[in-house]
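The first residue of the sequence shown is numbered 1, and numbering continues consecutively from there. Because the structure is predicted, anything quoted here is derived from the model rather than measured.
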Amino acid sequence: MIKRILLTGSFGQIGSDLTCALRKIYGGENVIATDLSTKVTDKIKNGGPFEQLDVLDGKKLAELIDKYQVDGIFHLAAILSAVGEKNPALAWNINMQGTINVYNVAKEKGIKRIFTPSSMAAFGPTTPFDMTPQDTVLQPNTMYGITKVAGELLGKYYIEKYGMDIRGVRYPGIISNETLPGGGTTDYAVQIYYDAIKYGKYTCFLKEDSMLPMMYMPDCLNATIGLFQADKSRLKHNTDFNIAGFSVTPAEVAASIKKYIPGFEIEYAPDFRQAIADSWPNSIDDSCARAEWDWKPSFDLDATTRDMLAVLGEKHKQGLF
Ligand code: NAD
Ligand code: SER
């Protein structure tokens with residue numbers, strides 16, 4: 001049983017929601033939020049411990065593990081696809097050096113379990129695009145994707161060589177309403193909801209028919225915590241589980257919003273992120289996750305749209321954006 005958890009990158013799009021979800025399960029004092037940034041929100045500050053941590057600083061990570069007697073880690077700190085294409089050296093450094101630091105310190109400190117996300121970005125233009133299988137070609141053409149494949153393999157190496165317990169899923173694009181995304185190719189599917197409410201229109205950086213797998217945050221949290229808590233004896237895979245929510249194009253997201261905001265308008269101005277999107281799957285086969293740890297999503301596009309518009313509508317009324 002894991003008792004005390006540390007998260008890296010806990011102020012990010014996923015970390016900010018995951019920190020709160022884990023604190024509800026494990027208790028606020030038992031979930032230590034860390035991030036490179038010091039811009040801590042009241043929600044995270046008031047819910048439990050926070051420490052500033054650069055994942056490149058293994059010594060400080062080791063000190064924090066001792067200080068809080070941590071036995072589980074969610075390693076979320078990373079550079080995402082669009083920022084990574086603008087600055088590939090940064091993406092390589094944070095995503096690879098950061099991850100190997102976490103694994104080396106975790107090995108030294110006897111950490112019982114680690115969760116490190118991979119991404120659908122591990123796939124590339126030579127991977128089958130439709131219902132992309134679990135075990136398939138991994139030849140991404142983005143630096144972000146390269147670090148995700150290498151991260152999956154690095155985790156397997158530490159599992160096999162040192163007997164560690166490292167788990168991860170290949171997230172699709174995550175849609176959420178707590179924290180804006182940090183510079184990925186699927187960010188449009190979040191910003192479109194904010195702009196629909198604030199301006200009644202949105203200019204999309206992908207083409208209208210660019211189909212990508214997406215997932216709403218409650219399903220992302222269920223997948224993350226579900227795999228972390230899964231019975232190890234049932235798992236045949238470890239660092240690289242495919243998971244899927246629903247697949248959509250920007251035009252379909254816009255049509256879903258129009259059901260609730262009839263005057264909503266969308267324009268398209270594809271930029272460099274289109275090439276990244278074109279290299280990723282249309283849809284994903286997540287049957288291994290379903291079979292090995294009972295993964296099952298709950299939200300489709302319309303359920304996501306209804307909830308996003310309700311939550312963001314309330315935030316807008318309160319003047320929060
Ligand atoms: P994000 O960009 O929103 O957040 C990343 C966080 O890491 C930020 O708070 C940032 O301050 C922090 N960080 C950056 N450099 C750091 C460093 N050197 N040391 C410590 N912290 C640092 O990212 P996210 O969307 O929350 O993603 C979390 C994980 O999930 C990443 O591994 C990402 O690749 C993966 N993922 C995310 C998505 C998605 O759609 N959000 C999809 C697939 C995979
Ligand atoms: N949402 C992420 C990105 O676009 C996918 O890993 O970079």
Side-chain angles (χ1 to χ4, degrees), residues 9-21 35 37-47 76 79-83 85-86 171-221 245-274 276-277 298-321:
S10 65
F11 292 2
Q13 187 195 3
I14 295 173
S16 54
D17 275 306
L18 184 61
T19 300
C20 296
D35 202 288
S37 168
T38 50
K39 286 187 194 149
V40 60
T41 60
D42 285 347
K43 224 184 224 178
I44 290 194
K45 192 169 60 189
N46 298 335
L76 306 177
I79 301 299
L80 275 78
S81 61
V83 176
E85 282 315 280
K86 294 267 185 203
Y171 289 132
I174 304 301
I175 300 175
S176 68
N177 48 50
E178 174 70 18
T179 302
L180 284 167
T185 301
T186 58
D187 294 14
Y188 92 82
V190 177
Q191 195 63 47
I192 192 171
Y193 290 102
Y194 281 81
D195 285 14
I197 286 172
K198 194 166 180 184
Y199 306 115
K201 60 182 180 185
Y202 175 66
T203 302
C204 185
F205 58 75
L206 296 183
K207 289 190 293 191
E208 63 182 304
D209 60 351
S210 201
M211 165 114 18
L212 286 171
M214 300 282 177
M215 178 177 287
Y216 195 34
M217 183 58 85
D219 279 332
C220 170
L221 297 176
F246 49 89
S247 288
V248 280
T249 64
E252 287 168 344
V253 180
S256 175
I257 291 173
K258 272 188 196 204
K259 288 183 196 167
Y260 306 96
I261 306 178
F264 176 64
E265 288 172 20
I266 185 163
E267 287 177 3
Y268 300 94
D271 66 14
F272 73 100
R273 289 168 280 194
Q274 186 63 53
I276 303 176
S298 300
F299 283 81
D300 62 11
L301 173 61
D302 273 344
T304 300
T305 297
R306 278 195 300 277
D307 203 55
M308 283 293 283
L309 294 178
V311 174
L312 291 178
E314 199 46 48
K315 283 190 171 185
H316 187 55
K317 270 191 215 146
Q318 292 171 20
L320 295 175
F321 72 94

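- Between M211 and E252, the closest side-chain pair of non-hydrogen atoms falls below 4.5 Å.
- In Q318, the CD atom is crowded: over 12 heavy atoms of neighbouring residues, nucleotides or ligands sit closer than 6.0 Å.
- Around atom OH of Y199, no more than 12 heavy atoms belonging to other residues, nucleotides or ligands sit under 6.0 Å away.
- Checked by atom type, the side-chain pair S176/Q13 shows a donor-acceptor distance below 3.5 Å.
- A 4.5 Å side-chain heavy-atom check between E208 and Y268 finds at least one atom pair inside the cut-off.
- Here the OG-CZ distance, from S37 to F11, works out to 5.5 Å after rounding to the nearest 0.5 Å.
- In summary, E265 and K258 do not engage in a salt bridge, as defined by a charged side-chain N under 4.0 Å from a carboxylate O.
- Closest of all the heavy-atom pairs between L212 and A277 is CD2-O, 3.8 Å.
- Aromatic rings from F321 and Y194 are positioned such that their centres are separated by under 6.0 Å.
- Side-chain contact of Y216 with S298: a donor-acceptor pair under 3.5 Å is absent, judged by distance alone.
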Q) Yes or no on side chain to side chain contact (heavy atoms under 4.5 Å, CB included) for I14 and M217, after CA distance, side-chain angles and deciding distance? A) CA-CA 8 Å; I14 295 173; M217 183 58 85; 4.2 Å; yes

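- With hydrogens and angles disregarded, a donor-acceptor distance shorter than 3.5 Å links the side chain of T304 to the backbone of D300.
- To the nearest 0.5 angstrom, T41 atom OG1 is 6.5 Å from E178 atom CD.
- Minimum heavy-atom separation, P172 to M215: CG-CB, 3.7 Å.
- Interatomic distance, OH of Y193 versus CD1 of I175, reported as 5.0 Å (0.5 Å rounding).
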Q. For T179 and D17, what are the C-alpha separation, side-chain angles and deciding distance, and is it a side chain to side chain contact (heavy atoms under 4.5 Å, CB included)?
A. CA-CA 8 Å; T179 302; D17 275 306; 5.8 Å; no

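- For the residue pair D209 and T249, no side-chain donor N or O sits within less than 3.5 Å of a side-chain acceptor on the partner.
- Closest non-hydrogen pair, I266 versus A254, comes out as CG2-CB, 3.7 Å.
- The aromatic rings of Y188 and F205 lie perpendicular to each other, with more than 60° between the two planes, well past the 30° mark.
- Taking SG of C204 as the reference point, atom CG of D187 lies at 11.0 Å (rounded to 0.5 Å).
- Taking CG of L309 as the reference point, atom OG1 of T305 lies at 6.0 Å (rounded to 0.5 Å).
- S81 and I276 make their closest contact through O-CD1, 4.0 Å (heavy atoms, listed as atom of the first residue, atom of the second, distance).
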Q | Test log, rule side chain to side chain contact (heavy atoms under 4.5 Å, CB included), inputs L180 and Q191 | A | CA-CA 8 Å; L180 284 167; Q191 195 63 47; 3.8 Å; yes

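- A salt bridge between K45 and D42 is present, with a side-chain N of the basic residue lying under 4.0 Å from a carboxylate O of the acidic one.
- The backbone N or O of N177 sits less than 3.5 Å from a side-chain atom of K315, completing a donor-acceptor pair.
- In terms of heavy-atom proximity, P250 sits nearest to S210 at CD-O, 3.3 Å.
- Scanning all heavy atoms of the two residues, the minimum distance from G173 to T186 falls at CA-OG1, 3.4 Å.
- A salt bridge does not link K201 with D195: every distance from a Lys NZ or Arg NE/NH1/NH2 to an Asp or Glu carboxylate oxygen is 4.0 Å or more.
- Atom OG of S256 is separated from atom CG of D302 by 4.0 Å, given to the nearest 0.5 angstrom.
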